[in-house]
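These numbers come from the heavy atoms of this one structure, side chains and all, not from hydrogens, waters or symmetry mates. Below, read A as the first sequence line, B as the second, and so on, with proteins coming before strands; counting in each chain starts at 1.
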2 protein chains.
Amino acid sequence: MNQFGEQIRLLREQCGLLQRQVASQVEMDIPMLSKIERGERNAKREQVTTFSKIFNFPEDELLSLWLADKVFEVIKNEDVALKALSVTENELRKMKMLSENSH
Amino acid sequence: MNQFGEQIRLLREQCGLLQRQVASQVEMDIPMLSKIERGERNAKREQVTTFSKIFNFPEDELLSLWLADKVFEVIKNEDVALKALSVTENELRKMKMLSENSH
DNA sequence: CTATATTTGTCAATATCTGGCAACTCTATT
DNA sequence: AATAGAGTTGCCAGATATTGACAAATATAG
């Protein structure tokens, strides 16, 4: 439900860093980092990259968690959540196939 | 990419209705319906229900398309789009299992 | 040319997001 | 019990985005 923030906190603790130290590197204030770790606010796209560099952790992994949180936010209250995901997935695959055939 | 709007338009045409006629039932103006059909604007949650009633078409189907469009909007620009979807899917299943066990 | 259907562009009002700060809690130290 | 450091909570003003509404443009058919 807040996979990105949890991962960030985990990585920060594994690196033995304080919020103060990480926050300054990402150029945000400490309360903001606290909120991101607890899922009260979303990080910005560029900050995901910065986090991955600070913790030397694959950006794709972080990005997936960050996106997943945003997707979850969209569908969480609907019964057809899972169905909607698979509709999106199909559409995405269709698009990918089209773009692959065109070059 | 605009699955909801396309479906709405299709249903409207199958019912032989004009935008003017549908718009008044959904209580929106005609330009707005036009934009929704072309994916330039999003319908509101309640309007999805209204559409399903007007066209006598399963709400779940429409809702899935409507949600899928919103999800697509979130992930469309990222390489890890598909991966992010499966992360969300797993999280969703996990939640569902937890809530099923508690009653 | 006229009428009707649809699309496009624009704009103010409203809602949402963002960054930043002050104040608070909690824990450990002296 | 006072101080200090780490993290949290609440709040607010400025920036951004979304919305509904309307006028005008385009398209199509008679």
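Each of A/Lys35 and B/Arg9 was matched to the nucleotide of DNA chain C holding its nearest heavy atom; the match closer to the 5' end belongs to B/Arg9.
Grouping the Ile, Leu, Val, Met, Phe, Trp and Tyr side chains by contacts below 4.5 angstrom, directly or via other members, places B/Leu18 apart from B/Val26.
Contacts of A/Leu33 with the nucleic acid, taken as non-hydrogen atoms under 4.0 Å apart, are absent. Base contact: B/Arg41 has a heavy atom under 4.0 Å from a base atom. Within 4.0 Å (heavy atoms only), A/Arg38 reaches at least one base atom of the nucleic acid. Within 4.0 Å (heavy atoms only), B/Met32 reaches at least one base atom of the nucleic acid.
For the OP1/OP2 pair of D/dT8 and a distance below 4.0 Å, the side-chain nitrogens and oxygens of A/Gln19 include at least one atom meeting the criterion. For B/Ser34, no side-chain nitrogen or oxygen approaches OP1 or OP2 of C/dT6 to under 4.0 Å.
Only one option out of B/Gln19, B/Met32, B/Gln7, B/Glu6 pairs with B/Glu37 in a side-chain contact (heavy atoms from CB on, under 4.5 Å); it is B/Gln19.
Taking the charged nitrogens against the carboxylate oxygens, B/Glu59 and B/Arg45 do have a contact shorter than 4.0 Å, which makes a salt bridge.
Checked against C/dT6, D/dG20, D/dG10, the side chain of B/Lys44 finds its nearest nucleotide in D/dG20.
Atom-to-atom, CD of B/Gln21 to C1' of C/dA5 comes out at 11 Å; the value is rounded to the nearest Å.
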